[in-house]
Every structure is written in C-alpha cells, then in structure tokens.
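Here is the structure we will look at.
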Amino acid sequence: MSERHVSITLLSQVIFFCLVVGDIFIFQSNSDTRLFLLAFLWVARSLRLPVTYKDSMKFALVFLVLIVMEYLIGQPQQVIERTALWVYAFLFIGTVQNIVALWRK
Amino acid sequence: MEKIVAFIVRKHIALVAILLVLGAIPFFWFKPGEVNIGGDSSRLYFYDPLNYLKNMALYSVAPGTTGYEAVSYFFAPFVTLFIVLKKIFISPGLVTNVFHGFMLVTAFLFIYLTLVELLRRNSVNNRTFIFFAGCIGGLFYIFGPPVGNWDKAITTHNQIFLNPMVFFLFLKFVITDNPLFLILILLISFVFSTSFSYIAAPALFSFYPFALLYLWIYKKYIVKTSFRRKTLVCFLLMFFAIQAFHLIPQLSILLNKSSYEFKHVFTSEGVIYGLDFFTASSQGIKLSKNLALIVQIDPIPVFQYILFVFPIIVVLGLLIGPSDGPFPKRKLNHLILTCIFLIVLFFDTANITNTGFLFYQLLFRLPGFAMFRNYYGQFSYVLTFFYALVLGYSLYAILGVATKRIRILLYIALPVILVLYGWPFITGYMVKLPVLGSRDVVVPQRVDPNFEKTLQYIRGIPTDVKFLTLPLTDFGYQMLAGANGGLYIGPSMIGHLTGKNDFMGYNAFAPFEQIFFDRIKHKDYKSVQLMLSLLNIRYIFYNSDSYIYDQFPGFPYNNVRKFFPDQQSVRDFITRLGVTSKSQFSDKYHIYELSGPLYLPSIYAAAETMYWNTLFMDSMLHNFPVSDNRLAIYNRVVDVSVNPGIDALYIKPENNSQYLDLFRHRKAEKAQPHISRSLSWFFYPLVALKEKNDLRSYPFVNDAYIDRSIFYSDKRISELDKWKNEIPILGDVTNIEKSEKEWREPALLQFSRFKEYNRWEISLVRYRRIIRDLLTQLEKSNASKSSLLTVKTDLKGVLASQHRRLINIVKDSNRDKEEKPYLWNLIDTMYEDIGSQLRYEFPSATHGTYSIEGVPENALFDVFLEREGIDDYTTSDVELSYSGRKLTPRKESEGKLINFGEISLSTESAGPITLDVLAPRNLAKSAEWSSHDFTGENPEGNVTLSIDNSVDSNLGGMTTKVMQWRPKSYYLISLDYRTSSRTFILQVYEKDGGADWATRQMVNDRLKSTEWSNFQAIVLSGDHAQSAHINIFYDAERKEVENTDTGPKPSIEVKNVFVSRILNPNIILRRKKTDIERQKVLPTIEFQKINPTRYNVKLSNVKEAITLVLSQAFNEKWKLVDVRKDTNSFRGWLSRQAGKMLQFVTAPFVSPIVDRVAEEYYSGTIREKISQQVFLTKETFDTWGKEVIADNSHFPVNGYANGWYVRPENFGGRDTYEFVIEMTSQKLFYGSLAISLITFFGVLVAAIFFIINYVQRHRI
C-alpha cells in the first residue's frame, strides 16, 4: 500500500469522523437519508481504498464510548440516540465486511 | 495464578462450585415456610399442585366467576411435576427453592455448555480461556441486564432456562446428528408444555426463529453437512403429537371465527390493537440503552453504568483477531452470531431509523404478529441470550491476545462486576420489594393455617355453588395476609384450589357491574339478593382482616372504595343482605350463606320466563319485584317463534333525543403531521398540490375526509410553529376572510409566485380554506341532523384548541411588538368568522324522543315512567305522547313507577314515545355571584364583572354555585353576555362526592362579544358528582394579546342565567297481563355435577315444555346429550367407537361417583346430588356419538347463563328424561390427551433405547 493511499485513507477517515460527528451534534432532525447516504459512502470507500472491517469496528468502539459519556454529561436523548444509530450502523457494516472478507478467502 | 486457575478448570472444581452456589442462592431469599405464589397468573401450583391440577388444568371451564371457557390444559404435565416434587420435599417453600435453584443452575449451565461446545470445536483448545468465556457468558445471562426482570422470571417464565437448554440440545443434534437430542427436546417440551403453548407464543416465536436460523447457518457453513429431512419431519410430527393435548383444543378455539383469539390473531381489529400498543410502548425504548446495557428507565441509577465494560468487550473482540487467522471457522461463527445478535437487537429496540420503525409497523400486518406489541419485554430475554454468546466469543478472542496481567485483571474484574450488579437479586432484595400501591407490604408470606382450614371447609361443601369474596377488588384479586405479615395478591385461591367459582372483583359481575354497584349504593339489598341468586352465589367469604384494606389506600380498591370505604362498610353490607353466618375461622375468615329461597341452584326449570329488549338488570330489579327467583330472562337475541313460552314481555325504549348527539364522539384518527418541507422550499408547490388532490380524491364526506381535513389544517399550524420566526409577514392584510376569497394557489408553472407560500398570512388563508371547504362539504352532505351535530361539536373542540395554539405560537415567537398584535388580530377575526360559519341550531333540552326497538310480537303494552327520573317534578310538569296521542298518568301507578296507560305495538312499526317538559326548573334562579372584582348588579338584574388593569395575574373572576347538582344527569346551562371587546372564559366545574373530592372541568369556552349574545352548553355530570360551579373570568393569558394596559378595562355583563336538569327518565313498556294467569307445572329435577364440564340431569313428572337453566357462562359448546340415543351418522359411529375404545383403555383409572342426594330445594322439586370433581368415570365417554337435543333452542338467559327450551317431544314424549349437560370442548381434550400420552410414552421408550445404545457404544 502506497504512502499516498495511506494518507488518503486516513484523510477519508477524518472526514467521515467529522461528518458523523456533525450529523450527531449539528443536525437537529433525525434523517434516514443522511444516515444511509453516509453509510453508503463509507462502504463505497472500500472500492477504491484499502480499508477493512476494522475501521468500522474502531468507529463503533469510539461512538460506543461516546454514548456513555453523553449519558454522564447529560446530552439530549436525541443526540445520544443518533450516536447509538451510528454504533449500530458501524457494527453492522463491520460485521458484514468481515464476513465478506472471510468469504473471499 | 494462571496455573492455579488451569488446575481448577481441569478438575471442574470451579464449575461445580459455581453451580452449587447458584443452586443455593434461592434458599436465602425466603424464611422457612415462606412462599411467593401471587401475581396475575399466580404460582399456586407451588403451594398445592394437586388441587391446582384438579381444578384448573384438567377442564375447559375456568373456576372463576360464572365459569367461562378457558383452556389451561398445558399446565397438566408441568403441575404434575410439582405434585412429584411436593411428595418428595413436602414443604411448598422447599419446592419453590429447589425449583428456583434448578432454574438458575440450568440457565447458567447450558449457556456455559453452549459456549464451550462452540469454542472448543472451532479453535485450538485453551481450556482455561474457554472455561472463563463460558462462565462469564453464563453469569452475564443470569446476573446481567435482565436481572431486573428476574423476580418475575424466576417465578413464571421458564424460558429463562428452557431457551439455553433446548438450544444446546439442538446444537448437539446439529453437530452429531444423534436423534437422542431431539428425543430429549420432545420429553422436555412435554414436561414444560406451558412454555410451548398458545399463551407462550410470544416467548416461543421471539426465540426459536432466530435460534433455528443460527443453527441452520451453523450446520450449513460451519459443520458443512445437511440435515436429514426424514429426521426433521419425524421430529416435527412427534412434537405436534406430544403437544396435541393443548394445541388441538386451542386450535379449535383459535380457528373459531367468533372467538376472541381469532379476532386477535386474524382480523384488522387485532392488527390495530397491536399497532396502537406497539406505537405507544416504543416511544420509551432507546437503542443507546440496549447497546450500552442500561435499563430502560429514567433517571438511570449510577450503578447501571458498570455493565458498560461488556459492550466494549463485545466490540473489541470483533476488532481483534484477523479474518485471515488460523481459525476462520471460529471467526465466521463469531460473526454469524453477531449478525443474529444485531437482528435481535433491532427487534428488541424497534427505534432503529425511521425506515426500520416503518418496517416493524408493517410486520404487524402478519397474522399473529400483534403478540409482539409489548416487544421489548418479549425480545429482551432473546437479546440477552445472544449477547451472552457473542460476549463469550469476544472474551475468548481478547484472552487469546491479552497479556498475562490483563488476563488476570479480567479473571477478577468481570465476575466481580457481574456479582455486584446482580447483588440485589442474589440477596433476595428484589423478591421482597413492596407490593404496588401498598404501605410497604411485601410479598413473601407463610399461608395462614386458619385460611388453610377455610379452604378445607369450602372443599367439603357438597353442592355446586359459587362464592362471593369480600372485600372486592377492582381487578378480581384475592388479598390474603400471610401468617408472617407478607401478602398473597393474585387469582382466587378459592377458585383455583377448591373448584368453587368465586366472584372477587368489580369486573367479575360483567355485564352487570355498573348496576350491581349502583344497587349497593342505593342500599337496594333486595335487588342485590336477586342478582346474587341469579348468579348462583350461595356463600360469601369475608376476610375481615384490616391489614388487607388499610395498607392499600389506592390500588386495588380505587373503584370499590367508592362503595365500601372501609371494612366496617363491608360488614354493614353483609349484615343488611340478610345472610346467615355459617362458619368462622379465627377472627378473620367468615363464611356466610344466602339461605332458603334466596339461593338458586345451578340447574333449575324456570318458573317464569321473561323477554327484555335490553340488558334486564338495569331496569327490572328495583321496579318489578318477583315472587319466585327461578327466572329465565331472555335478552334481545331470542327468537320468540322458537321459544313461544315467554310469560312476560318488557320493552325499554331508548332515549334518542337530539341533545345526546352532543355526547357521541366520532372515532377520530389522531395522526400528527410530520413537518419536513419548509415553505420556502422550491418544490413546496408540489406538496400543496398533493394535499389538494388528496382531499379531492374523497368521493363523499365521511370520517376519513373529516380526519384528513383536520390533519392538513393541523399541518398548516405546525408549519407556522416550526418556522414561526423565519416566515415573512406581509403586514397589509386586514382580514383573512377577505384574502381567502381573493388569493389563488399559484399554478405549477407560475414560478414567480412560489414564494407566496412562504408568508404568515397565506398560511392562515390556506388554513381558513381547508376549514371553509370542510364546513361547506358538511352542510352539502346528506348526513343526518344528529351526525352533523356530533361532527360540529367535535370540530368546535378542535378549532378551539387550534385557536389557542396559534395564539401561543405568536406569543412564543420573537416577532416585534407591532407584528404580534397584527397577527393576533388576524387570528382572532379569522376564528370569529369560522365561528359564524360553524354555528348550528342548539338542540332542545325540553323535548325527548324515545325509540322503541325489538318488539317481538304484536300486543298491548302498559307504559311506565320511572318516578326516580323525575322526582323533582310532578306528573303535570311532564307530558308523554305516543303517535301524537297524549298519554295520561293513572292513579293506580305501581310503587316506583308511574303508569301512563296502554299502547298497542307491532313488530313492524313502533314508536317513538316523546317526553316534553312543560315547565323546566331554573336551578340558578337564586344564584348569587361571588367575586373580588365584581362591581355588582344593575337595576335590570345584569351582573357586571369588571377587571382592574393593575392586577397582573390570572384573576378569580366571579363564581356561582349551582343548586341540587346530581350525578349522571344532563344539564342545560344558558346565559346572555356582553363584553368590552375583551375575551373572558366561562368554565363549569363539578366536584366528586367521593373520598378524593376530585374536581372535573366540564365547560371551558371563550366569551367575547360587544353585542348581547347567548351562551348555551349541555353537560353530563359525573358518576359521583355532588356540586357544580360556574366561573367567569378574564383570560389573563390574552393580557398581552389584547393589550389591556392601554385599552379599555376588561368587563363583562351577564344576565338570564339559566341552569336546568334535562329529564332523562327510564320508560318501560310491559305487555299487558292476560286475565287468566296459568300456573306452570314444573318437573322434578335431580342433578349432579360430575366435574366442571359435565352434569348428569334427570327430569321427572314432565307435563309441558320448560326452560331449563344452567347457571354457567353461556357457551354454544354446552350441549344437552341424550345418552340413550345414538347419532345417526358415520361421524357419530366413529365417535362411538373411539369412545368405547377410550372407555376400555381408561377402565383401570376411573373413579367411583358418590350417588347420594346432598340437598333439596323448592320443596324437594330440585334435588342435588353430592357434587364431584372426577376426571374419569366409567361414564365419561358415554356421550360420544350420542344425540344432541334442543340445540336450536339454546339461548343465553339472565344476561350470562345457558337456557334451553325443552319440549316433551325432544324425548319422544316421555315424562321422565335423563340426559347429560356437557361442555364439548372437553371431549377434544380427552381425545388429544390420548394422542399426547401415547406419543410421550413412545418417545420415553425410544429415549431409554437410545441411552442404553449410547452407553453400550461408549462403554460408560
């Protein structure tokens, strides 16, 4: 994997992280379209970039920890639920990616 | 340390120790002798399994209230298990503890074994890691998140241990293909058939589809073999055969289109009920809490967060371990389990994306899916099961890569966390929580030995009688204090453990509950006696313990306490009922008897048959005293041509006066608009077009059209609410009404006008247009006057609430000081215009119309008017007319009734009767207004209320009390008013006479008119209302809106206040008695109850046709069977052969019947033999294939019971008949039980064979 690929992958992760955080904290409405679109783009990255299921699982882990932190600092329930939706989405995507990876081998 | 752990693991020391500790935990929950046997469905089988089996599990007639049909056969094997346990352990407390210990041990053990089996097969064995992962999975399953439910689970839901047990056995079968495991599943399913029955359907269908899906995938992709189809088909057939004894009777009920179960499962009624429940309950379920293992309650207890480490482990475990590692099967299995876990998580949460929620709602269209309406409770056990498995896998993965230090940390920390979390459960704190609504009363109790003696006494009563338990509760619970201070709260112990039907609750008297308590309230003990008599109640069990009443200030006595505020009032009631004391056990338990003619045996021939076109109880009891209680009263459904022997005919005309339309509510759809498209959105015109077309698509005005119009009008307001600060204001509109006539919707290509939508005024115009169209369509429609009145009354309420909402939206916006008054003015004038369009003719309150329906034959009828309904008037104040003819009251009026002469009615046309009140009384004639602000009366008698502007609060206004306010009465309230361009509120309040002195608001209307206007309202007072007040005050919420600081003072003038009770008396028509009243010759009846589903009856000296009554809940399955006559059909022949065969097979098990007369009633004309409770007699199958008689003249009588009009020709003209009254659903049970028992013993033999074979092969 070239250094350029690594950089792009890292950059895409940072961008996605920002987008998801923005989706959780900035948008007030709970939009399926936004979630499905972002999730689709997340999966579509793997067509061009060397990403694995581990990226999804890492994101799931980060946002899972965020849920408890949000509960502890008293964030609005809507924000916590949105975070949980992303955990669920990343877990699901990660699991399917992993199965596909196993299948291919 | 790790070596020590490895040694302990190798020798199974730790596992055995854990199992011993778990098994011992329940023994510390209760003190010796204590049990927890209450709850909605109770666990009385822990206490007395034998009697529970005899009275509850073996018959299709419930031992409660009137003996309705209830299939509880599935309890039979399960309760039999407890009979065995009780034989071994003797004490109910010990049985309870042993079984609870077994549940805990089994639940843990099979999760452990499953994880060990799965992990061991797909990876290099590290026994310590596997052991630890298995243990943590098992401990998590029993001490983890569902621990909050365990106080119930430990008592009623066997799925907690059955799910892991059956899953493990299936898994073993999947791996080994050994049929022994399927055979074991069959045997377990038989013993615990309760968990495989109709009532356990939610638990079954929430777990097994996912479990079997996983096992199928496991077999196909991990084990990589396929199932033997023959084995599976054979297993399925055997499963249905072994469960036949409850599935077949239940299926016959389920597939019966008139049954409740059919409606619940297969009709849209069930779907709607399920969806409503689901939508309401889903609001509180949060995905975040399910993911982070936090219970779904608020506020969240701090200790809840300690389980958070487990989801972290789950995700870390998925992260660790490369997919290209040496054990891809283990990883694949881990991922498959995770997938199933995520799917179950979706079903347990429902709120996963809007699309997911919609999909879930769609699933409710599937037949039976409504069982998941309370989905969270049902899927949470399944979720925990898969959570435990995924956790075990993840933990194993982490242990494989963790350093030694981290491993030791995990070995110590994880069990400690789980034990800490489960500590309230381990210590038994959770099973000792105070009972709902009590003053710290706990459940565990030692059953009072004196109550045991009472039960023994009741069991010894030799006749078929019913009990009334006092004090009653709202929900039919038995309340029984334990000898140690605990409490039993659950179903009737008398019913379940003695077999005597028991009435314990307010609802038990359905459909007479209202009238029953009404008669108690009126101290009409004769009527109460007659009702008890007709309900076959002979004994009263009275528990005078003050503990069970005083410790429960609310639940479960909320309703009952209105009639019986304390134990003393219950004692008074018993004293006045004229019952005799029969027996007493200690100073708490008393048994009273309704003796002599007050008691009516469960089978009798009616001395008098009556017909009522309505439920008889509400009018007859206190108006028409009867001399002989042996009544058969037909209600509505009877076909007089089939039963010509009706002695008395009563018709109760129904009041259909127009003012009642004000109280009929439409079933409005309460959908809330979802606002997502801004008014400034470029494509918003498409939204407007869609709405317009949608409303146009309704071919005529119906409820759906009205609901849709209201929905869109709500949507306009919601749009304004959402963008109240952003939507621009034109500022030059003077009147919405005028603009509405001028403004046209932009056409689709008029792009330049699209922005017009984004205006406050245009939104109001569009709102006004929707309301105008709706009102215009309503006026044009051919709806009846009464339904139009109902709709307009409903609309008036909707519009008033929308008006308030719009005013508040403007108030809450950040518009400037000039814009707000401008908008308020537009809104107010718009609603004034709407009000004038909505105006309708107020119905007359002095004219009543009574329609006559259900006249069964042409006859002359006496017209009676109930005096109670007009007791503050004289007969000259009211006028009754029929077909334009004035009816005059007669002097010889009977007691509580006023006779208005006779009228002739025919079956084809009858009525109506009209009632006119000639001089309505004004109850507010001498009313005095009291107020701080009120300035007094002027010479014309007008009352003026003037508000001082300097007072800046919601002012009290002026109030007057209405004299002689009565419960359950209609009142007309009318007054004239004039205001100073300010808005006043008129409210009418009433106060309850009950203990809580509840206040209820009945009217809340705006008064604003600078000209003299009239206000009118009709209200219905509450069931316990005692007084009412009229209150008029300035609407201080509009102080800002109306700018009272600078404008004129708010003042209102009021005159001509008129409050009058609208007369609504009962009118009863009675067929005129013939001159010659023939005395009936009733036969001699001899009967014996064999069991709750069978009575042997002998009638002798039969001279004429009779109406035979069985005082059990009406059911078409109750049949009269002539055992001497064969049914002439192939089916009958087949049935007879099956009966003979079963009679032969069961011959060694039959019980003898004591054939002795226990008691005689009505001078020996009714003889009752000693009542039995025998499951198998030598005659059990003698009705199979025999002729059913008088089936087409089988009707409900007395509001609930079975009545047969039996003619002598039904028995070939003989004067002595012998027959059996039988509940036919019981036959189905006998047949299907035979199938199940044969299968069970067959499977048992097969199991022994396989085990011997296995032992021999493995040389164990």
Side-chain angles (χ1 to χ4, degrees), chain A residues 23-24 27-39 51-105, chain B residues 217 221 284-294 298-300 302 304-309 311-325 328-343 345-346 349 351-358 390 674-676 722:
Chain A
D23 179 61
I24 292 169
F27 290 95
Q28 287 182 0
S29 60
N30 191 350
S31 162
D32 281 8
T33 319
R34 224 164 42 234
L35 185 127
F36 291 141
L37 186 70
L38 282 175
V51 289
T52 67
Y53 70 93
K54 288 196 175 186
D55 298 322
S56 304
M57 290 300 176
K58 279 175 196 164
F59 269 55
L61 193 61
V62 169
F63 287 111
L64 186 63
V65 174
L66 190 62
I67 289 177
V68 174
M69 286 165 65
E70 284 169 344
Y71 267 117
L72 289 172
I73 60 172
Q75 280 286 321
Q77 191 65 46
Q78 198 184 343
V79 171
I80 305 175
E81 280 309 287
R82 195 69 185 162
T83 315
L85 269 182
W86 277 111
V87 175
Y88 188 87
F90 282 123
L91 262 179
F92 196 84
I93 293 168
T95 308
V96 174
Q97 281 176 326
N98 203 347
I99 290 175
V100 172
L102 271 176
W103 202 260
R104 281 180 180 163
K105 282 167 185 167
Chain B
I217 296 171
Y221 297 104
I285 307 302
K286 306 292 176 206
L287 172 65
S288 55
K289 291 182 179 177
N290 269 351
L291 269 173
L293 293 177
I294 297 169
D298 282 313
I300 303 163
V302 177
Q304 277 291 327
Y305 294 107
I306 64 170
L307 284 189
F308 182 59
V309 66
I312 299 279
I313 289 174
V314 166
V315 181
L316 265 180
L318 287 165
L319 193 58
I320 290 167
S323 57
D324 53 353
K329 275 190 180 178
R330 191 193 75 198
K331 187 71 187 173
L332 183 62
N333 198 22
H334 190 179
L335 294 168
I336 293 166
L337 272 173
T338 309
C339 272
I340 303 276
F341 161 73
L342 289 172
I343 296 169
L345 179 61
F346 167 77
T349 309
N351 292 313
I352 298 182
T353 71
N354 294 330
T355 316
F357 190 74
L358 283 174
V390 175
H674 174 70
I675 309 298
S676 57
K722 193 163 184 178

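Quick note on labels: first sequence line is chain A, next is B, and so on, each numbered from 1.
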Notebook entry, point to check: Is chain B contacted by the side chain of A:E70, its backbone, both, or neither, given a heavy-atom distance below 4.5 Å?
Noted result: neither
Next item on the list: Could you tell me which portion of A:F90 (side chain, backbone, both or neither) has an atom closer than 4.5 angstrom to a non-hydrogen atom of chain B?
Entry: neither
Would you give the length of the straight line joining atom [atom1] of [X] to atom [atom2] of [Y], rounded to the nearest 0.5 angstrom?
| X | Y | atom1 | atom2 | result |
| --- | --- | --- | --- | --- |
| B:L316 | A:K58 | CG | NZ | 11.5 Å |
| A:E81 | B:L291 | CD | CG | 9.0 Å |
| A:D32 | B:T353 | CG | OG1 | 4.5 Å |
| A:T95 | B:I340 | OG1 | CD1 | 11.5 Å |

Is [Y] close to [X] at the side-chain level, that is, under 4.5 Å between some pair of heavy atoms?
| X | Y | value |
| --- | --- | --- |
| B:L287 | A:V87 | no |
| A:L102 | B:K331 | yes |
| B:T349 | A:Y88 | no |

Note to self: For A:F92, I'd like to know if atom CZ has over 12 heavy atoms of other residues, nucleotides or ligands within 6.0 Å.
What the structure shows: no
Check: Pick from A:L85, A:I80, A:V68: which one makes a side chain to side chain contact (heavy atoms under 4.5 Å, CB included) with B:S288?
Finding: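 Going through A:L85, A:I80, A:V68 one by one, the side chain to side chain contact (heavy atoms under 4.5 Å, CB included) with B:S288 is satisfied by A:I80 alone.
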Check: Picking from B:I352, B:L342, B:V315, which has the most non-hydrogen pairs under 4.5 angstrom with chain A?
Finding: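 Between B:I352, B:L342, B:V315, the count favours B:L342.
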Check: What option among B:T355, B:L332, B:I294, B:L345 has the most heavy-atom pairs under 4.5 Å with chain A?
Finding: B:T355
Check: Using non-hydrogen atoms only, which part of B:F346 is less than 4.5 Å away from chain A: side chain, backbone, both, or neither?
Finding: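 For B:F346, the contact with chain A is made by backbone and side chain together.
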Next item on the list: Give, as side chain, backbone, both or neither, the part of B:I343 having an atom under 4.5 angstrom from any heavy atom of chain A.
Entry: backbone
Next item on the list: Could you pull out the closest heavy-atom pair between A:I67 and B:A292, with the gap in Å?
Entry: CG2-CB, 4.3 Å
